[in-house]
**Student:** 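Here you go, one structure.
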Amino acid sequence: MELDIIECVSYSDGMEDDDDTAAVTSSQLPRPFLKSSSTAGAAAAAAAAVNVVVVSDRAGAAGTVAGAGPLVISPATGVHELLECPVCTNSMYPPIHQCQNGHTLCSTCKTRVHNRCPTCRQELGDIRCLALEKVAESLELPCRYYSLGCPEVFPYYSKLSHESQCSFRPYNCPYAGSECSVVGDIPFLVAHLRDDHKVDMHSGCTFNHRYVKSNPREVENATWMLTVFHCFGQYFCLHFEAFQLGLAPVYMAFLRFMGDENDSRNYSYSLEVGANGRKMIWEGTPRSIRDSHRKVRDSHDGLIIQRNMALFFSGGDRKELKLRVTGRIWKEQQNPDSGACIPNLFS
């Protein structure tokens, strides 16, 4: 996608910016611990020294395999490392496989290594490590995003489903001009956008931008430089793009909230374009940056202007895009009596 640079004239309402954009420092995750229950105690005791390997045959029946090597399990402080697959380094979930020498790996990697143990090269067969699965069942572990602020602790087998939706999980970089792979929390991404992508940073809840492009009829797809606004103690990203909507060339402006979807619903915004006694106005709720800019664009959740109309608003001979977009961001205030949200325009 071609990247064009905005020529913009911006006005703010004078609100001060927040310079607290340092990245959160990672801290050591606490060690996993065993549940204090009779089942967990039995599993932990069994895990101390397992001399019999359990195997599942094709019919699903369990039995013992004579001659299989013992599975040596360290105390609870090392169980997390024990449950790490040696091939992909991800946590292992049932079915957990092992070779006759006691080396384990996850079911996904079993097919990748062509049924050969990656440690000793012995054939894996269909040996399943039910003892280790039972030990995992007795564990409770902190969320992987503990260092980013999540205080939750979960049973081992419930942790993945939480982490996929954890509100503390890192965000993807919202920059739309290229496929940026950087992830982090909001303060880190704000500093990244400012220092690495050199985006326009503004303070205030009102804005007045002009998007300029010569020979606009020759450009079907373009992304203008991102603009970041700081107001109400939050950060918002203003996008402007050109693309084809069906067979019609259009421009689209929309706002994204640098935070989770639930928090984004506390804010609203308006966008307005116009000239020659005509104007178009859009009002909506900013989308969270959890949704990619392409997802928002493809859902048409923003101000969409057909190219001919945009050139009409640009004035002159309509051969150059000079589109002025004004906008405002406000915070919705909950009405305690009715439960309805009313605009808070003076915060």
Side-chain angles (χ1 to χ4, degrees), residues 1 3-13 15 17-21 23 167 169-211 222-243 251-273 282-304 323 325-332:
M1 176 178 288
L3 175 64
D4 294 318
I5 303 300
I6 300 175
E7 175 190 335
C8 64
V9 181
S10 305
Y11 303 92
S12 71
D13 58 7
M15 294 184 67
D17 201 355
D18 186 355
D19 293 330
D20 185 17
T21 56
S167 59
R169 70 191 188 278
Y171 296 88
N172 294 320
C173 174
Y175 190 73
S178 63
E179 296 299 328
C180 181
S181 60
V182 170
V183 298
D185 62 6
I186 298 304
F188 174 81
L189 288 181
V190 169
H192 165 68
L193 288 169
R194 181 192 62 213
D195 300 335
D196 298 329
H197 292 299
K198 310 297 183 184
V199 304
D200 292 331
M201 309 288 292
H202 298 278
S203 293
C205 300
T206 59
F207 49 89
N208 186 339
H209 273 31
R210 188 173 65 159
Y211 297 95
T223 299
W224 276 256
M225 179 65 78
L226 185 70
T227 306
V228 176
F229 296 96
H230 178 249
C231 63
F232 300 110
Q234 306 290 342
Y235 291 91
F236 301 82
C237 299
L238 178 63
H239 297 262
F240 189 77
E241 302 191 13
F243 62 99
Y251 298 99
M252 180 175 175
F254 57 91
L255 200 71
R256 286 199 293 163
F257 173 75
M258 294 189 69
D260 271 341
E261 181 181 358
N262 288 339
D263 294 328
S264 72
R265 297 192 186 104
N266 295 326
Y267 302 91
S268 296
Y269 74 102
S270 65
L271 298 172
E272 180 177 321
V273 294
W282 163 269
E283 287 192 4
T285 300
R287 295 279 286 273
S288 165
I289 60 171
R290 294 286 188 205
D291 292 334
S292 69
H293 84 281
R294 183 176 294 276
K295 180 178 180 180
V296 179
R297 191 197 75 177
D298 292 347
S299 67
H300 309 149
D301 192 2
L303 175 64
I304 297 178
L323 188 65
V325 178
T326 60
R328 180 170 61 90
I329 305 167
W330 66 90
K331 187 174 183 178
E332 300 288 355

**Student:** With under 30° as parallel and over 60° as perpendicular, where do the rings of His209 and His202 fit, or are they tilted in between?
**Tutor:** perpendicular

**Student:** Is there a donor-acceptor pair under 3.5 Å between the side chain of Arg256 and the backbone N or O of Pro174?
**Tutor:** yes

**Student:** Is the NZ or CZ atom of Arg287 both under 6.0 Å from the centre of the six-membered ring of Phe254 and within 45° of that ring's axis?
**Tutor:** no

**Student:** How far apart are the C-alpha atoms of Met258 and Leu193, what are their side-chain angles, what is the distance that settles it, and do they pass the side-chain contact (heavy atoms from CB on, under 4.5 Å) test?
**Tutor:** CA-CA 12 Å; Met258 294 189 69; Leu193 288 169; 4.0 Å; yes

**Student:** Find the distance between CZ (Phe243) and OG1 (Thr223) and round it off to the nearest 0.5 Å.
**Tutor:** 10.0 Å

**Student:** For Val182 and Leu189: C-alpha separation, side-chain torsions, deciding distance, then whether side-chain contact (heavy atoms from CB on, under 4.5 Å) applies.
**Tutor:** CA-CA 8 Å; Val182 170; Leu189 288 181; 4.1 Å; yes

**Student:** Looking only at non-hydrogen atoms, find the nearest pair between Thr285 and Ser264 and report the distance.
**Tutor:** CG2-O, 3.4 Å

**Student:** Which atom pair, heavy atoms only, marks the closest approach of Asp291 to Val296?
**Tutor:** CB-CG2, 4.0 Å

**Student:** Which heavy atom in Leu238 sits nearest to a heavy atom in Leu226, and how many Å separate them?
**Tutor:** O-CD1, 3.5 Å

**Student:** Taking all non-hydrogen atoms of both residues, which atom of Gly204 and which atom of Cys231 are closest, and how far apart?
**Tutor:** O-CB, 3.6 Å

**Student:** Output the distance between atom CG (Asp263) and atom CD (Gln234), rounded to the nearest 0.5 Å.
**Tutor:** 6.5 Å

**Student:** Looking only at heavy atoms, what is the nearest atom pair of Phe232 and Trp330, with distance?
**Tutor:** CE1-CA, 3.8 Å

**Student:** Looking only at heavy atoms, which two atoms of Tyr269 and Leu255 are closest? And how far apart?
**Tutor:** OH-N, 3.4 Å

**Student:** May I ask you to decide if the ring planes of Tyr251 and Phe240 are parallel, tilted or perpendicular, using 30° and 60° as cut-offs?
**Tutor:** parallel

**Student:** Begin with the C-alpha distance, continue with both residues' side-chain angles, and end with the deciding distance and a verdict on side-chain contact (heavy atoms from CB on, under 4.5 Å) for Val190 and Met201.
**Tutor:** CA-CA 9 Å; Val190 169; Met201 309 288 292; 3.7 Å; yes

**Student:** Evaluate the ring planes of Tyr211 and Trp224, with Trp represented by its six-membered ring, and classify them as parallel (under 30°), tilted (30 to 60°) or perpendicular (over 60°).
**Tutor:** perpendicular

**Student:** I would like to know whether Tyr175 and Val228 meet side-chain contact (heavy atoms from CB on, under 4.5 Å); could you show each step before the answer?
**Tutor:** CA-CA 10 Å; Tyr175 190 73; Val228 176; over 6 Å; no

**Student:** Once you round to the nearest 0.5 Å, how far does CG of Asn262 lie from OG of Ser167?
**Tutor:** 8.5 Å

**Student:** Any side-chain heavy atom of Glu241 within less than 4.5 Å of one from Arg294?
**Tutor:** no

**Student:** Students often mix this up, so state it plainly: with edges at 30° and 60°, are the rings of His239 and His293 parallel, tilted or perpendicular?
**Tutor:** parallel

**Student:** Just verifying a value: how many Å separate Ile329 CD1 and Thr206 OG1, rounded to the nearest 0.5 Å?
**Tutor:** 9.0 Å

**Student:** Look up atom CG in Asp196 and atom CZ in Arg194, then write down how far apart they are to the nearest 0.5 Å.
**Tutor:** 9.5 Å

**Student:** CH2 of Trp282 to CD of Glu272: how many Å apart, nearest 0.5 Å?
**Tutor:** 15.0 Å

**Student:** Under 3.5 Å, is there a donor-acceptor pair between the side chain of Tyr171 and the main chain of Asp260?
**Tutor:** yes

